[in-house]
Amino acid sequence: MLDIQLLRNQLPFVAERLATRGVTLDTAAFEALEAERKLIQTRTQDLQARRNSLSKQVGILKGKGEDASAVLAEVAGLGGELAASEADLAELMPRFDAFVAVIPNLPHESVPSGKDETGNVEVMRWGTPREFDFDVKDHVDLGSNLGGLDFETAVKISASRFALMSGNVARLHRVLAQFMLDLHSKRHGYCEVGVPYLVNPDSMFGTGQLPKFEEDLFRVVRSDGSLLYLIPTAEVPVTNIVRGEILAPEVLPLKFVCHTPCFRSEAGSYGRDTRGMIRQHQFDKVELVQIVHPEKSWEALEQLTGHAEAVLQMLELPYRKMLLCTGDMGFGAAKTYDLEVWLPAQNTYREISSCSNYETFQARRMQARYRNEKNKPELLHTLNGSGLAVGRTLVAILENYQNADGSISIPTVLRPYFGGAELLDKTG
RNA sequence: GGAGACGUGGCCGAGUGGUCGAAGGCACUCCCCUGCUAAGGGAGCAUUCUGUCAAAACCUGGAUCCAGGGUUCGAAUCCCUGCGUCUCCGCCA
């Protein structure tokens with residue numbers, strides 16, 4: 001959420017920055033809401049002040065045993081007007097809040113302007129795509145050959161866009177997650193956390209999924225009618241750890257790593273990436289989250305992105321690092337790097353990690369603060385990034401490490417997890 | 001699932017409808033005193049919104065004692081609902 005004061009005081013500037021994202025801020029609508037708010041709120045508060053002071057007088061008079069009927073009559077006359085004014089305010093504020101809640105974050109000044117993904121800027125490439133002297137198979141064929149990837153059975157059990165992994169594929173998938181957790185917790189200084197996979201609407205609001213993106217979520221209706229949502233990313237439960245908290249500055253930065261399944265309805269993506277594991281309703285991801293001092297978030301973004309890159313580098317997977325342009329960034333992000341891994345079967349780079357600094361955008365929604373040098377509560381900055389998407393990493397390993405006979409060489413850093421083995425084949 | 005108890009500031013804890021945003025204690029900050037890592041004295045110490053202001057500070061006012069409703073001129077205090085915690089029983093591990 002944006003700072004209300006910024007909207008009030010620098011509306012043209014906000015509108016201009018949002019326009020770079022392709023978002024049109026209805027400034028006239030905001031000004032109308034703000035004018036109405038100011039009128040109704042000040043009127044309501046004046047009436048409340050009057051009511052409070054008269055009621056206090058009643059108490060004083062009665063305490064002295066004197067007659068309070070004159071004051072009571074006066075305050076009685078206020079009742080209707082006050083109730084009406086409070087009702088007006090109660091009607092207006094949700095509209096006001098709803099307006100502000102769907103305004104995206106302002107892009108950082110270092111973010112290039114652009115309409116869509118074609119405006120993204122390649123920052124660097126790492127590694128060289130391998131030359132194959134045989135026809136490459138895609139991960140679906142490779143996984144099937146290994147006897148461990150079965151989408152038909154997954155459909156029988158559940159629905160399309162789910163996968164059934166077994167044997168060596170399931171094991172490789174599990175090992176990848178464990179490798180990432182080990183790396184981030186032992187070498188990069190993150191605290192591993194285990195979190196609920198179902199979260200309440202407040203948490204979804206806090207990180208920005210609600211109210212605007214409900215259609216992307218799976219939701220669960222409980223017997224009492226209340227709602228829980230399946231997490232679309234561990235970012236939601238992990239970042240919400242600090243919701244409503246005022247942290248002591250010395251605990252910063254908080255760094256969490258968390259492995260969870262992620263559930264996305266993928267509404268609106270019909271027909272895209274229908275083959276294979278690239279786009280699933282459920283996928284595993286190891287997420288990095290940092291809660292930092294506001295002056296430290298930009299260096300933290302570089303650091304966090306580097307931690308995600310380290311996974312790719314250690315797995316020796318070629319990738320490129322993209323700086324997203326204004327038009328391609330997510331709702332709450334001020335700046336985002338995407339990491340894209342090379343997929344031989346698609347002959348292209350595909351997103352495998354997205355690392356963002358949200359500055360105060362999520363913290364304001366969550367009221368996540370720390371005590372600053374003046375001992376006053378001040379909003380934190382939040383960041384998160386995939387480190388990495390496990391399903392897509394599995395795809396990348398299968399495709400990049402495939403051999404002519406359909407077996408898969410095991411990346412060096414993973415071999416300890418396989419008892420030193422160097423090759424995965426059907427026998428697993 | 002059944003029965004009961006409870007939800008107050010960073011923590012503990014008082015508060016039985018009226019000047020309570022809230023006694024007292026602990027912790028913390030500042031000052032004084034003190035020659036010895038102790039003790040004593042004084043002061044301060046919730047959050048948030050709003051008005052004024054270019055802005056900040058100050059100041060004005062509103063709101064907040066789990067949440068949401070209700071009763072009342074007035075609610076931390078009474079009533080209802082929900083959520084949470086604890087204890088006992090049942091159930092399942």
Side-chain angles (χ1 to χ4, degrees), chain A residues 1-14 30-31 33-101 196 198-206 220-229 237 240-252 254 294 360 363-380:
Chain A
M1 213 156 58
L2 296 181
D3 182 2
I4 305 283
Q5 298 300 341
L6 191 68
L7 279 163
R8 284 184 189 140
N9 299 330
Q10 299 184 53
L11 191 59
F13 166 77
V14 172
F30 177 80
E31 283 171 333
L33 278 169
E34 168 62 8
E36 202 181 344
R37 188 226 102 230
K38 193 164 176 171
L39 180 74
I40 295 174
Q41 186 170 14
T42 52
R43 187 180 71 205
T44 304
Q45 291 185 355
D46 286 347
L47 290 166
Q48 286 171 330
R50 186 86 186 122
R51 191 256 334 260
N52 289 347
S53 96
L54 289 172
S55 291
K56 194 173 251 184
Q57 283 180 41
V58 172
I60 293 169
L61 288 172
K62 289 201 171 179
K64 291 180 188 164
E66 293 175 17
D67 175 32
S69 57
V71 181
L72 281 171
E74 190 180 352
V75 77
L78 278 176
E81 199 185 348
L82 177 58
S85 196
E86 284 178 335
D88 287 347
L89 195 61
E91 188 276 327
L92 173 70
M93 288 318 289
R95 280 197 289 131
F96 189 94
D97 294 341
F99 185 93
V100 177
L198 287 163
V199 302
N200 59 38
D202 284 346
S203 292
M204 284 295 185
F205 181 84
V220 175
V221 182
R222 296 213 272 178
S223 56
D224 65 357
S226 66
L227 295 178
L228 290 175
Y229 294 89
N240 273 279
I241 288 171
V242 296
R243 190 176 83 226
E245 302 292 329
I246 300 173
L247 304 178
E250 55 268 23
V251 308
L252 301 174
L254 293 177
T360 58
R364 185 172 293 106
R365 294 169 92 91
M366 294 191 298
Q367 284 302 297
R369 295 166 293 175
Y370 78 105
R371 286 207 184 271
N372 67 17
E373 299 68 24
K374 294 175 186 163
N375 211 33
K376 286 292 165 196
E378 185 178 329
L379 293 169
L380 291 156

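A, B, ... follow the sequence lines: proteins, then strands. Residue 1 opens every chain.
- On the C1' atoms, B:A46 is 29 Å away from B:G40, given to the nearest whole Å.
- Across all strands shown, B:C26 forms a Watson-Crick or G-U wobble pair, both distances under 3.5 Å, with B:G10.
- To the nearest whole angstrom, the two C1' atoms, one in B:C45 and one in B:G21, are 14 Å apart.
- Judged as a side chain to side chain donor-acceptor pair (under 3.5 Å), and not counting sequence neighbours, the contacts of A:Ser203 are A:Asn200, A:Arg243.
- A side-chain contact (heavy atoms from CB on, under 4.5 Å) with A:Lys64 holds for exactly one of A:Leu61, A:Asp67, A:Ile60; it is A:Ile60.
- Sorted by first then second residue, the salt bridge (Lys or Arg N to Asp or Glu O under 4.0 Å) pairs that include residues 83-100 of chain A, not counting sequence neighbours, are A:Glu36-A:Arg95, A:Arg43-A:Asp88, A:Glu91-A:Arg95.
- Rounded to a whole angstrom, the distance from the P atom of B:G44 to that of B:G24 is 11 Å.
- Here A:Asp3 pairs with A:Gln5, A:Leu6, A:Arg364 under the side-chain contact (heavy atoms from CB on, under 4.5 Å) rule; sequence neighbours left out.
- Distance noted for atom P between B:G18 and B:A76: 11 Å (whole Å).
- Among residue pairs with one or both ends in residues 33-58 of chain A, none qualify as ring-ring contact (aromatic ring centres under 6.0 Å, His included); sequence neighbours excluded.
- In a base pair of the Watson-Crick type (N1 to N3 plus N6-O4 or O6-N4) or a G-U wobble (N1-O2 and O6-N3), with each distance short of 3.5 Å, B:C88 is matched with B:G2.
- Of the nucleotides present, none pairs with B:A54 by Watson-Crick or G-U wobble criteria with both distances under 3.5 Å.
- Shown here are the side-chain contact (heavy atoms from CB on, under 4.5 Å) partners of A:Ala98, two or more places apart in sequence or in another chain: there are none.
- Using N1 to N3 plus N6-O4 or O6-N4 for Watson-Crick, or N1-O2 and O6-N3 for G-U wobble, each under 3.5 Å, B:A46 pairs with B:U64.
- The main-chain N or O of A:Lys38 is found under 3.5 Å from a side-chain atom of A:Thr42 such that the two form a donor-acceptor pair.
- Between A:Leu7 and A:Phe99 the shortest side-chain heavy-atom distance does not fall below 4.5 Å.
- Qualifying salt bridge (Lys or Arg N to Asp or Glu O under 4.0 Å) partners for A:Arg365, counting only residues two or more places apart in sequence or in other chains: none.
- Using the Watson-Crick or G-U wobble rule with both distances under 3.5 Å, B:C36 pairs with nothing in any strand shown.
- By the 4.5 Å heavy-atom criterion applied to side chains, A:Leu254 and A:Ile241 are not counted as neighbours.
- A heavy atom lying under 4.0 Å from RNA chain B marks the following residues of residues 71-92 of chain A, by number: A:Leu72, A:Val75.
- Nucleotides B:C80 and B:A22 place their C1' atoms 25 Å apart, quoted to the nearest Å.
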A:Leu78 and A:Leu54: CA distance, side-chain angles, deciding distance, side chain to side chain contact (heavy atoms under 4.5 Å, CB included) verdict: CA-CA 10 Å; A:Leu78 278 176; A:Leu54 289 172; 3.8 Å; yes
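- Of the C1' atoms belonging to B:G7 and B:C65, the separation is 10 Å, rounded to the nearest Å.
- Of the residues in residues 34-51 of chain A, those placing a heavy atom less than 4.0 Å from an atom of RNA chain B are A:Arg37, A:Lys38, A:Gln41, A:Thr42, A:Gln45, A:Gln48, A:Ala49, A:Arg51, in numerical order.
- Across residues 57-64 of chain A, A:Val58, A:Gly59, A:Lys62 each have a non-hydrogen atom less than 4.0 Å from an atom of RNA chain B (numbered order).
- Base-pair partner of B:U77: not found among the strands shown (Watson-Crick or G-U wobble, both distances under 3.5 Å).
- First and last contacts of RNA chain B with chain A, using any nucleotide atom under 4.0 Å from a protein heavy atom and ordered 5' to 3', fall at B:G18 to B:C83.
- Comparing A:Asn52 and A:Ile4 by the nucleotide of RNA chain B whose heavy atom lies nearest to each, the residue mapping closer to the 5' end is A:Ile4.
- The two atoms that bring A:Ser85 and A:Thr44 nearest to each other are OG-OG1, 2.8 Å, heavy atoms only.
- The same atom, C1', is picked in B:A43 and in B:C36; the two are 27 Å apart, to the nearest Å.
- For the C1' atom pair drawn from B:C49 and B:C59, the interatomic distance equals 16 Å after rounding to whole Å.
- Put simply, the side chain of A:Ser226 never gets that close to the backbone of A:Arg222: no donor and acceptor are under 3.5 Å apart.
- Screening residues 45-63 of chain A for salt bridge (Lys or Arg N to Asp or Glu O under 4.0 Å) gives A:Arg50-A:Glu74 as the qualifying pairs, with residues at least two apart or on separate chains.
- In terms of the side chain to side chain donor-acceptor pair (under 3.5 Å) criterion, residue partners of A:Asn372 (sequence neighbours excluded) are, by chain and number, A:Glu378.
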